[in-house]
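Right, one structure below, let's go through it.
Protein chains get the first letters and strands the later ones, always in sequence-line order, with residue 1 at the start of each. Being a predicted model, the structure only gives us computed values, none of them experimental.
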Number of protein chains: 2
Amino acid sequence: MANISDVAKRAGVSAMTVSRVLNSSGYVKTETRKRVVRAMEDLNYIPSGLARSLIQQRTYTLALVVPDITNPFFTTVARGMEDVARKNGYRVVLTNTDEDTNKETEYVHMCATIRADGVLIAPTGDASVVNLQLLSQQSIPFVLIDREVGGLEADLVKGDMVGAARQLIEHLIELGHHRIAAITGPRNNAASRDRLQGYQWALTQHHLPLADELIKEAVMTRQVDGRFVAELLALPDPPTAIFTANNFQCARALASLRQLGQRVPEDISIVSFDNSDPLCIMEPFITAAIQPAYDFGSLGTQLLLERIEGIHTAPQRIVLEASIVHRKSTQRR
Amino acid sequence: MANISDVAKRAGVSAMTVSRVLNSSGYVKTETRKRVVRAMEDLNYIPSGLARSLIQQRTYTLALVVPDITNPFFTTVARGMEDVARKNGYRVVLTNTDEDTNKETEYVHMCATIRADGVLIAPTGDASVVNLQLLSQQSIPFVLIDREVGGLEADLVKGDMVGAARQLIEHLIELGHHRIAAITGPRNNAASRDRLQGYQWALTQHHLPLADELIKEAVMTRQVDGRFVAELLALPDPPTAIFTANNFQCARALASLRQLGQRVPEDISIVSFDNSDPLCIMEPFITAAIQPAYDFGSLGTQLLLERIEGIHTAPQRIVLEASIVHRKSTQRR
DNA sequence: CTGAAAGCGCTAACAC
DNA sequence: GTGTTAGCGCTTTCAG
């Protein structure tokens, strides 16, 4: 692999002149430039990003740290990030924590090792605070997406999940449901807490009782426990509607319902979050709160780039509205 | 951000000793080591991967270049790659070409710039050959997955798509279908060609006519043209079954059918490739050829790592069988 | 067991 | 316009 002095030698100039051509900086005689360009082509020269980054103290690399790259929500975030990053001359490195705080630690460490210029991160939970501190220590700017971390002031782009959950539940209440189950994520995760809070507020405001047995705490990944639905239906006074807090929980709930011979929405209603996977247009039937995932990525990255350029100082909080999409998974009771 | 000589100074040793501790290479007195470790912790020292890679001429970074990271097939490939890479001390950088050969060129260039140690790539099509040559020029090992490139000898992991498509079509034929439509990908793409070939073989072997009007050439991404199905059904002698060549084509076909009031499988049967997205377990009803996507990633990466270590020399070809999963989208005619 | 010198490939700062 | 020198942060090589 040719390096800069190979090119310089072949063009009969110094390395510095080659560097100038490379960066279109400083003056280079047109004729010299041509000779240099020719030499670069002859040698298939591609400059080393490593050497460049080492001296410039800039890698033009951003990292995206998400809990599950197979979740359509996060792949959409990734696209939003990618687009903004590319437009600004940055690369993106994707990483996947599997909702595991230790893996997250590893990846955050990696971000430091590769000297990423900034990190967009959907933290696994409140325990992520140590990982974020690591980034701060290394003075790597970061922006949180989707999830806050208890007691941490930082740039953030999230959805108004309390409000969205509340609307979903109120929709059910208006349809006459008052036994509404919730399958949500773990409580050490701010996104889950918000969604559950919206659920609780709606019930409380409408003077409906909160029943512990109607709340199931599931994981946010694909490995959602399949028994929750059966347990709910086995209750003495079973729910007539189910609220699920994400893509996977909803899919699993639907599968369980089908297995148990329950029809949606005739026998039971269901609402969810983020159920927007175009792959599932085949059954576009879940009434859901759709968050603007692409904007999470693009706005988050813009914030991050501003941080990197050192433009503003006070942490910014961007809260985006979700849109409630009424489809066919709910029915009057 | 602390560097190696900061640590050295604090520990009262030379940079070299710190390096030895870092790499557990050479002898360091236990006591000295302790002092060094202490200093590293005090300073939150994280060594620069840039400087390290520059001198070692190894980045321990692999790249995965796929046409669509939102396709569950490729996210599964990514997981397979990630797992093997991590186990061997390598990082993975994911990139997304959107089935666009120019974007692919950019990303391949990026692989060279960051001095990736190797590349796993599902090429966009036959035109990708120039991109692969670029890699060869830069002596960056690569392994093809899923798709061959016309006239290029290279390491490869793919599925037996001809065979799998043939089986799917034969299944339909056995059910009494003889007007079978095919919605496949572009012909400049080896994977599409294989699938179409399997379709054609099956028909030919069973002495059924090949009808051009039954073959629709779609894109492989989400943006599948929605009119194909309507066009097929508008034919004087419309098909009684449809074969789609990937996830997105199948989803779009199903949506169109539903819109047109066609029931599956009562009115029309449908079979597909790779329809294994767990998110769609809600309607697990497509009879499909499921390729071992995870193995594409893991085996491909193993091959790649062997290449990087320079273990073997003759290009290896690994062809994996798909499993035909009979579900509920087909019916006797 | 530890250190000094050199250099990976590039560019910032200064000469000429 | 172009070249020289120095150094980014680390490791290799060789000395001690």
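Of the side-chain N and O atoms in B/Thr17, one or more sit less than 4.0 angstrom from OP1 or OP2 of C/dG3. Within the 4.0 Å cut-off from OP1 or OP2 of D/dG3, at least one side-chain nitrogen or oxygen of A/Ser14 is found. Taking only side-chain nitrogens and oxygens, B/Arg52 never comes nearer than 4.0 Å to OP1 or OP2 of D/dG9.
The side chain of A/Asn23 sits closest to C/dT11 out of C/dC10, C/dT11, D/dG9. Taking the side chain of B/Arg20 as heavy atoms from C-beta on, and the options C/dG9, D/dC10, D/dT13, the nearest nucleotide is D/dT13. Nearest to the side-chain atoms of B/Ile4 among the listed nucleotides D/dG7, C/dG9, D/dC10 stands D/dC10. Here C/dT11 is the nucleotide among D/dG9, C/dT11, D/dG3 with the atom lying nearest to any side-chain atom of A/Ser19.
In this structure, B/Gln56 places its CD atom 14 Å from P of C/dG9, rounding to the nearest Å. Here the P atom of nucleotide C/dC10 and the CG atom of A/Leu50 are 10 Å apart, to the nearest Å. Note: CD (A/Glu31) to C1' (D/dG1) measures 13 Å, nearest angstrom. In this structure, the OH atom of B/Tyr27 is 17 Å from the C1' atom of D/dA15, given to the nearest Å. Straight-line distance from the CG atom of B/Leu54 to the P atom of C/dT11: 12 Å, rounded to whole Å. Between the NZ atom of B/Lys29 and the C1' atom of C/dT2 there is a distance of 10 Å, rounded to whole Å. When rounded to the nearest whole Å, the span between CZ of B/Arg33 and C1' of C/dC1 equals 11 Å. Atoms CE (B/Met16) and P (D/dG9) sit 17 Å apart, rounded to a whole Å.
When each of B/Asn131, B/Thr95, B/Asn96 is paired with B/Glu104, the side chain to side chain donor-acceptor pair (under 3.5 Å) condition holds for B/Asn131 and for no other.
With the nearest nucleotide of DNA chain C identified for both B/Gln57 and B/Thr30, B/Thr30 has the one nearer the 5' end. Two residues, B/Thr32 and B/Ala51, neighbour DNA chain C, and the one matched to the more 5' nucleotide by heavy-atom proximity is B/Thr32.
Taking the ring centre of B/Tyr90 as origin, the terminal cationic atom of B/Arg86 falls outside the region bounded by 6.0 Å and 45° from the ring axis.
Side-chain N/O atoms of A/Arg79 and B/Thr70 include no donor and acceptor closer than 3.5 Å. For the residue pair A/Asp68 and A/Thr221, no side-chain donor N or O sits within less than 3.5 Å of a side-chain acceptor on the partner.
Within the 4.0 angstrom heavy-atom criterion, no nucleotide atom of any strand lies near A/Val18.
Partners of A/Ser25 under the side-chain contact (heavy atoms from CB on, under 4.5 Å) rule, at least two apart in sequence or in another chain, are A/Arg20, A/Asn23.
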